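Below is one structure, written out as structure tokens; the observations come after it.
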Amino acid sequence: MSRLRTDERGAALPLAVLTLVLLSSLILGLSVMSATEPTIAANQLRTAQARALAEAGLELALWALAHPEAPNGLSNPLPAVVPPPYDGSRLIVMAAGGAALGGFRLAVTTGAAKNERDVLSVGWAPTDDAADTRPKAHQRTAATLWRLRVPAESAPCALCVRGDLELTGEVTVDARADARCGGKWGAWSSGLVSVAPSAKVWGADGNDAPNEAGDYVQAQPADEALGWMFTDVDLLALKRLARARGSYYRGSVLFDASRPAPEGLVFVDTATGAPATGGTPAAELARAELRGGAFRGWLIVAGSLEISGDARVRGLAYAQDGFVYRGATPGGIEGQVVAAGVRGGSTSLSRAGGGSALTFDCAAAAGGDGTVPGGWMLKAGSYRELSDP
């Protein structure tokens with residue numbers, strides 16, 4: 001019987017060779033990766049720089065719109081031919097420490113609404129010069145810039161009413177003196193206008209005779225008001241701003257000597273906080289009264305608004321439904337009144353004593369006498385990064 005013998009001599013060499021092969025493959029792979037990694041990192045850096053440059057373009061567009069009076073500002077409304085560099089015709093170069101980082105091309109156009117601007121910004125790193133042989137990256141970003149709609153700029157009236165309007169007593173409405181926001185009717189109504197013999201309405205018709213055809217208009221198409229009333233987006237933004245500054249209320253609110261209205265933007269919302277519509281129950285609509293005292297700013301009410309006594313207002317009084325003024329000397333409104341009549345609420349003005357009940361003032365109506373911010377901002381949900389067409 002034979003006995004099998006095992007001999008392991010010589011086994012180390014194949015194992016060593018196999019190990020060397022595996023190590024060589026690993027080293028080769030790492031070498032390839034280390035060779036491409038700087039290229040990948042450089043590409044990522046250029047892409048990040050291009051994105052940052054594109055966003056710098058958006059910031060420049062915001063600045064230009066907010067400073068129309070500046071040499072490089074953009075006027076509102078936009079000119080028919082947008083000037084460079086806001087027409088995309090020129091690369092705006094950015095540098096740090098004397099070294100160029102890249103640049104962006106910027107195009108600003110009129111948006112879907114009068115208070116919107118569409119912006120396309122294309123960032124390039126390090127340049128968009130085709131003759132430059134260096135590796136390049138670019139990033140396209142688009143956004144809509146938006147500002148609150150300002151009725152004083154677009155509405156054709158000092159007293160703007162969707163529905164019927166009644167002027168009694170010694171009420172005077174005067175839109176003659178201030179044409180900075182354009183010439184205005186004294187009153188505009190989609191319904192009928194009733195003017196008592198003792199009441200006077202003056203529009204910017206070039207003469208001092210009241211209650212003429214050039215002073216107020218009635219029976220106008222109600223849909224015309226949609227061009228200058230606050231939109232749902234505007235109202236939502238106004239709510240948020242009022243909440244942020246602690247001047248947001250709900251339901252019925254009385255402002256008087258013991259509880260004066262805060263200066264600036266004031267928003268009185270429906271009892272539930274839901275938007276005021278034609279289907280909102282009357283009991284849920286907001287009701288605000290300003291009984292005497294002084295107020296500067298915008299008073300926005302998701303329902304009806306009443307101003308009474310010697311209350312003195314400089315700014316915008318905006319009621320989504322009806323508006324009532326029962327004033328007395330020395331009170332009055334300098335600015336603008338809008339009654340949107342969302343549920344057919346009535347609008348009436350009466351006054352005891354001399355003086356004007358409503359005098360149109362562009363600055364007071366447009367910016368709450370300097371108390372309401374009206375700058376341009378990024379419209380929520382509009383920012384997006386685009387691929388090449």
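Please read all numbers here as calculations on a predicted model, not as lab measurements. What you see below is based on every heavy atom in this structure, not just the backbone, and it leaves out hydrogens, waters and symmetry mates.
Of the possible polar contacts, one joining the Asp321 side chain to the Gly345 backbone as a donor-acceptor pair under 3.5 Å is found. Remark: side-chain polar atoms of Asp118 are not paired, donor with acceptor, to backbone N or O of Thr144 under 3.5 angstrom. Although no hydrogens or angles enter the test, the distance criterion places no donor-acceptor pair under 3.5 Å between the side chain of Asp256 and the main chain of Arg291. Here the side chain of Arg326 pairs no donor or acceptor atom with the backbone of Val324 at under 3.5 angstrom. The backbone N or O of Gly355 sits less than 3.5 Å from a side-chain atom of Arg351, completing a donor-acceptor pair. Without hydrogens or angle criteria, Lys184 side chain to Ala152 main chain gives a donor-acceptor distance under 3.5 Å.
For an aromatic pair to be called close, the ring centres must be under 6.0 Å apart, and Phe230 with Trp298 satisfies this. Taking the six-membered ring for Trp and the full ring otherwise, Trp228 and Trp188 have centroids separated by under 6.0 Å.
To the nearest 0.5 angstrom, Glu166 atom CD is 8.5 Å from Ser346 atom OG. Atom CD1 of Ile92 is separated from atom CG of Leu60 by 5.0 Å, given to the nearest 0.5 angstrom.
Residue pairs satisfying the salt bridge (charged side-chain N to carboxylate O under 4.0 Å, His left out) criterion with at least one member in residues 363-379, sequence neighbours excluded, are listed as follows: Glu116-Lys379, Arg296-Asp369, Arg314-Asp369. Identified under the side chain to side chain donor-acceptor pair (under 3.5 Å) test for residues 93-102, with sequence neighbours left out: none. Identified under the salt bridge (charged side-chain N to carboxylate O under 4.0 Å, His left out) test for residues 203-231, with sequence neighbours left out: Arg176-Asp208. The salt bridge (charged side-chain N to carboxylate O under 4.0 Å, His left out) contacts involving residues 50-79 comprise Arg51-Glu385, where partners must be two or more places apart or lie in separate chains. Residue pairs meeting the salt bridge (charged side-chain N to carboxylate O under 4.0 Å, His left out) criterion with at least one member in residues 120-130, sequence neighbours excluded: Arg105-Asp128. Every pair tested for side chain to side chain donor-acceptor pair (under 3.5 Å) that includes a residue from residues 15-28 fails, sequence neighbours excluded, so the list is empty.
Judged as a salt bridge (Lys or Arg N to Asp or Glu O under 4.0 Å), and not counting sequence neighbours, Arg259 has no contacts. Legend: residues meeting ring-ring contact (aromatic ring centres under 6.0 Å, His included) with Phe104, ordered by chain and number and at least two apart, are absent. With sequence neighbours left out, Ala317 forms a side-chain contact (heavy atoms from CB on, under 4.5 Å) with Leu305, Ile307, Phe323, Val337. Residues passing the salt bridge (Lys or Arg N to Asp or Glu O under 4.0 Å) test with Asp234: none are found, sequence neighbours excluded.
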Using distance only, find each side-chain donor-acceptor pair of residues 75-86 under 3.5 Å and give its atom names and separation, not counting sequence neighbours.
{"unit_1": "Ser75", "atom_1": "OG", "unit_2": "Pro77", "atom_2": "O", "d": "3.1"}
{"unit_1": "Asn76", "atom_1": "OD1", "unit_2": "Arg117", "atom_2": "NH2", "d": "2.7"}
{"unit_1": "Tyr86", "atom_1": "OH", "unit_2": "Asn72", "atom_2": "O", "d": "2.6"}

Please tabulate, for side-chain N and O atoms in residues 264-277, each donor-acceptor pair with protein atoms closer than 3.5 Å (sequence neighbours left out).
{"unit_1": "Asp269", "atom_1": "OD2", "unit_2": "Lys239", "atom_2": "NZ", "d": "3.1"}
{"unit_1": "Asp269", "atom_1": "OD2", "unit_2": "Tyr248", "atom_2": "OH", "d": "2.6"}
{"unit_1": "Thr270", "atom_1": "OG1", "unit_2": "Gly273", "atom_2": "N", "d": "3.1"}
{"unit_1": "Thr270", "atom_1": "OG1", "unit_2": "Ala274", "atom_2": "N", "d": "3.1"}
{"unit_1": "Thr270", "atom_1": "OG1", "unit_2": "Ala274", "atom_2": "O", "d": "2.6"}
{"unit_1": "Thr272", "atom_1": "OG1", "unit_2": "Ala274", "atom_2": "N", "d": "3.3"}
{"unit_1": "Thr277", "atom_1": "OG1", "unit_2": "Gly279", "atom_2": "N", "d": "3.2"}
{"unit_1": "Thr277", "atom_1": "OG1", "unit_2": "Thr280", "atom_2": "OG1", "d": "3.3"}

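When all heavy atoms of Gly103 and Leu53 are compared, the closest pair comes out as N-CD1, 3.5 Å. When every heavy atom of Leu145 is checked against every heavy atom of Ala61, the shortest pair comes out as CD1-CB, 3.9 Å. What you find for Ser247 and Pro262 is that their closest heavy atoms are CB-CG, 3.9 Å.
No side-chain heavy atom of Thr347 sits less than 4.5 Å from a side-chain heavy atom of Asp164.
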Given side chain to side chain contact (heavy atoms under 4.5 Å, CB included), test Leu386 with Thr141 step by step and report yes or no. CA-CA 6 Å; Leu386 306 177; Thr141 61; over 6 Å; no
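A parallel orientation is assigned to the rings of His138 and Trp124, their planes being inclined by less than 30° (bins at 30° and 60°).
Donor-acceptor pairing under 3.5 Å is lacking for the side chains of Asp174 and Thr172.
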